[in-house]
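The following block contains the structure, expressed as structure tokens.
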There are 2 protein chains.
Amino acid sequence: MDGTKVLIVDDEAQIRRFLRIALEAHGFQVVEAIRGQDAVARAASENPDIVILDLGLPDMDGKAVVGRIREWSSVPILVLSVRQAEAEKVAALDAGADDYVVKPFGIAELLARLRALARKRRPDAGPAEPAELTVGELHIDLARREVRVAGRAVRLTRKEFDLLAMLARNAGRIVTHPQLLRQVWGRAHENDVHYLRVFIGQIREKLDDDPAHPRFILNEPGVGYRLLLP
Amino acid sequence: MDGTKVLIVDDEAQIRRFLRIALEAHGFQVVEAIRGQDAVARAASENPDIVILDLGLPDMDGKAVVGRIREWSSVPILVLSVRQAEAEKVAALDAGADDYVVKPFGIAELLARLRALARKRRPDAGPAEPAELTVGELHIDLARREVRVAGRAVRLTRKEFDLLAMLARNAGRIVTHPQLLRQVWGRAHENDVHYLRVFIGQIREKLDDDPAHPRFILNEPGVGYRLLLP
DNA sequence: GCCGATCCTTACGCGATCCTTACGGCCGCG
DNA sequence: CGCGGCCGTAAGGATCGCGTAAGGATCGGC
């Protein structure tokens, strides 16, 4: 957990030390607080990613600490306690804690629970891909497999579309015969150039008004094809 | 927790029943799944706010179920298990679970932990996932698993609904065969395209009046299906 | 343990799509 | 002028993918 900052709140120096060593060994960054007042202040000034809070503090009730932090922060709080009564757990969790671990605890489990809490913090990157290509009058919607030329919808078959999409992704550049063949037909057919002649012809027939002068797909003799930029 | 939807995954009917009663008494909304594959499909089609997952399922390893859901969703997952070994807890948490509760458990603690998980979910960048979808004359209630076409109620089976829900969630866009198969049937069947043919056919028979001209689900030969936007 | 609902499997007809082959035009070169 | 490489067009047959139907297996509830 490279650089995840953890605030440890416990009044026993021994436990703080134990936790610090274990956490730092696993790549966490550690800051400490001893009393409840201090904990609230540190949570504000240090801006930690996680708080580990012992419930048995001398100056404040642990649940009160949780409540104070929750007044302004949603930082994940993992509560430690020697008390295993169910009512205690419920009270702490309902006060705003995110997890409750009974002492004594296994350090491996604690670390796993910290990782689980840290995981949530990341803003999930959406699977947003462009899914649309526009080259002059030619508009290709990859998500819907639709093609429009100057607004008019054009119906392409599967291979025709795959071929045109490959050209559109490299618009302006030459795409060689083997590149096209590998992408659309697979490596086994990378020498069957005649496939391309037939299908390029069919695409042109559907896109162009004047088949004699193709506006979009140009031929590079002996090399490949390219989609003309506007 | 007014209306928080919980997906319960457990193979024992007794436990499902126990959890359902307890959760509904506290204002949760409950849906159930019995096997792992079903669980993954439900997580997709029902869009629950929390998942409660028993690790001892008959058909899949529990950690595998967690992984499958985590491929695309960040829904909070609370794992139940009879195994209290620390290594088990670590494995489940690192697989992507958010909490781990050992059976037998106190229902009050479980409820408190669910509230803690539900709390986190609120400010999340949820893209306002609606509980209802309307596409032209087609109306899908994801919460009640009800479908209406032009006001007329249509009864769909589980798999039929899961399939339609997956399409509706991506309405207008093409969903490929492997995507549909993975979500509804599981990765092991991502090549069984004939499943789709059968079930798409059955859905169309129930939605459309004229089976020859499907109004809603369109086919992209060799690629997938899509739900037509009005 | 039984029963109804649901799911899986298989087979078959049909249409769209793809592959194959053939032919004619254009060009540069001998 | 003949020839061969490269390209584009056309058309028929082979193949693929889709939809439908039906019987058997399996599941979940009682």
Side-chain angles (χ1 to χ4, degrees), chain A residues 145 155-164 174 176-177 180-181 184-186 188-208 210-226, chain B residues 8-17 20 31-39 41-42 57-59 145 155-164 174 176-178 180-181 184-186 188-208 210-226:
Chain A
R145 302 203 129 229
R155 208 165 94 54
L156 295 186
T157 70
R158 178 150 81 103
K159 288 247 189 309
E160 289 166 6
F161 183 89
D162 290 342
L163 200 51
L164 181 61
I174 298 179
T176 69
H177 298 148
L180 291 168
L181 289 164
V184 179
W185 277 271
H189 297 90
E190 68 180 9
N191 293 323
D192 297 331
V193 188
H194 51 284
Y195 290 6
L196 291 178
R197 305 221 171 87
V198 174
F199 278 85
I200 292 284
Q202 288 172 350
I203 296 175
R204 279 180 179 152
E205 191 179 2
K206 293 182 179 178
L207 296 187
D208 286 300
D210 179 8
H213 301 287
R215 282 189 301 166
F216 301 105
I217 302 179
L218 298 187
N219 171 39
E220 297 291 332
V223 181
Y225 293 89
R226 59 185 250 222
Chain B
I8 299 175
V9 187
D10 200 310
D11 59 319
E12 298 176 56
Q14 201 171 350
I15 298 205
R16 289 202 307 276
R17 184 181 161 77
R20 171 184 283 275
V31 293
E32 301 181 7
I34 295 173
R35 4 192 86 236
Q37 306 199 339
D38 203 15
R42 289 292 176 98
L57 298 180
D59 63 330
R145 305 202 120 222
R155 212 169 91 67
L156 295 185
T157 70
R158 278 188 304 247
K159 287 251 191 301
E160 288 166 7
F161 185 88
D162 290 339
L163 201 51
L164 182 61
I174 296 179
T176 68
H177 296 149
L180 290 168
L181 289 164
V184 180
W185 278 272
H189 296 90
E190 69 181 6
N191 294 322
D192 296 332
V193 188
H194 50 282
Y195 289 8
L196 291 177
R197 303 216 175 91
V198 174
F199 278 85
I200 292 284
Q202 288 172 349
I203 297 175
R204 286 214 263 240
E205 192 179 0
K206 293 181 179 179
L207 297 188
D208 286 300
D210 179 9
H213 300 286
R215 282 188 300 168
F216 302 106
I217 302 179
L218 268 56
N219 170 39
E220 293 293 330
V223 181
Y225 292 89
R226 57 190 265 227

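Proteins get letters first, then strands, A, B, ... in listed order; numbering begins at 1 in each. Values below: every heavy atom of this structure, side chains too, minus hydrogens, waters and symmetry copies.
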salt_bridge(B/Asp162, B/Arg145) N-O dist < 4.0 Å: yes
Touch class at under 4.0 angstrom, heavy-atom based, for B/Ile200 against every strand present: nothing
For atom CZ of A/Phe161 and atom P of C/dT17, their distance in whole Å: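 In whole Å, C/dT17 P lies 14 Å from A/Phe161 CZ.
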Nearest listed nucleotide, side chain of A/Thr157, among D/dG29, C/dT17, D/dT20: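 Selected nucleotide: C/dT17.
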Euclidean distance, atom CZ of residue B/Arg226 to atom P of D/dC18 [Å, nearest integer]: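 So the CZ-P distance, B/Arg226 to D/dC18, works out to 15 Å.
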Non-neighbouring partners of B/Asp11 that pass salt bridge (Lys or Arg N to Asp or Glu O under 4.0 Å), sequence neighbours left out: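 Applying salt bridge (Lys or Arg N to Asp or Glu O under 4.0 Å) to B/Asp11 gives none.
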side-chain N/O B/His177 vs D/dC18 OP1/OP2, d < 4.0 Å: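 It does, given that an N or O in the side chain of B/His177 lies less than 4.0 Å from OP1 or OP2 of D/dC18.
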Value in whole Å for how far the P atom of D/dC7 lies from CG of A/Asp192: 14 Å
Nearest to side-chain heavy atoms of A/His194, which nucleotide of D/dG28, C/dT21, C/dT17: C/dT21
Rounded distance (Å) that lies between atom C1' of D/dC7 and atom OH of A/Tyr195: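 After rounding, the reported distance stands at 18 Å.
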side-chain N/O A/Arg158 vs D/dC16 OP1/OP2, d < 4.0 Å: no
Nearest-nucleotide 5' precedence on DNA chain D, B/Ala13 against B/Pro214: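 The residue closer to the strand's 5' end, by nearest nucleotide, is B/Pro214.
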Gap between atoms CG and P, on A/Leu196 and D/dC6 respectively (whole Å): 14 Å
Carboxylate-amine/guanidinium contact B/Arg215 B/Asp208, below 4.0 Å: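 Salt bridge: yes.
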Of the listed nucleotides C/dC7, D/dG8, C/dT17, the one nearest the side chain of B/Lys159: C/dC7
Sugar-phosphate only, base, or nothing, as touched by B/Arg16 at under 4.0 Å among non-hydrogen atoms: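 Sugar-phosphate contact only - B/Arg16 comes under 4.0 Å of backbone atoms but never of a base.
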Aromatic ring pairing A/Trp185/A/Phe199, orientation class (parallel under 30°, perpendicular over 60°, tilted between): perpendicular
Touch class at under 4.0 angstrom, heavy-atom based, for B/Val198 against every strand present: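 Base: the residue B/Val198, judged by heavy atoms under 4.0 Å, touches a nucleobase.
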Rounded distance (Å) that lies between atom C1' of D/dC18 and atom CD1 of B/Ile203: 15 Å
Earlier contact from the 5' end, DNA chain D, for A/Glu205 and B/Arg35: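 So the residue in question is A/Glu205.
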Options D/dG19, D/dG8, C/dT10, nucleotide nearest the side-chain atoms of A/Asn219: D/dG8
Residue that, paired with B/Leu163, satisfies side-chain contact (heavy atoms from CB on, under 4.5 Å) out of B/Ile217, B/Val184, B/Thr157: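 When B/Ile217, B/Val184, B/Thr157 are each tested with B/Leu163, the side-chain contact (heavy atoms from CB on, under 4.5 Å) holds only for B/Val184.
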Nearest-nucleotide pick for B/Trp185, side chain only, options being D/dG19, C/dC8, D/dC7: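 Comparing D/dG19, C/dC8, D/dC7 against the side chain of B/Trp185, the answer is C/dC8.
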N/O (side chain, A/Arg155) to phosphate O (OP1/OP2, C/dA16) under 4.0 Å: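 It does not, given that no N or O in the side chain of A/Arg155 lies less than 4.0 Å from OP1 or OP2 of C/dA16.
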Matching residue for A/Tyr225 among A/Ile200, A/Leu218, A/Ile203 - test: side-chain contact (heavy atoms from CB on, under 4.5 Å):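 Going through A/Ile200, A/Leu218, A/Ile203 one by one, the side-chain contact (heavy atoms from CB on, under 4.5 Å) with A/Tyr225 is satisfied by A/Ile200 alone.
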Protein-nucleotide distance (B/Phe199, atom CZ; D/dT20, atom C1'), rounded to Å: 14 Å
Interatomic distance where CZ belongs to A/Arg197 and P belongs to D/dA11 [whole Å]: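 Distance check: A/Arg197 CZ to D/dA11 P gives 20 Å.
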B/Pro221 or B/Gln202, whichever maps to the more 5' nucleotide of DNA chain C: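 Between the two, 5'-proximity favours B/Gln202.
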Side chain of B/Arg204 - closest among D/dG19, D/dG8, C/dC18: D/dG19
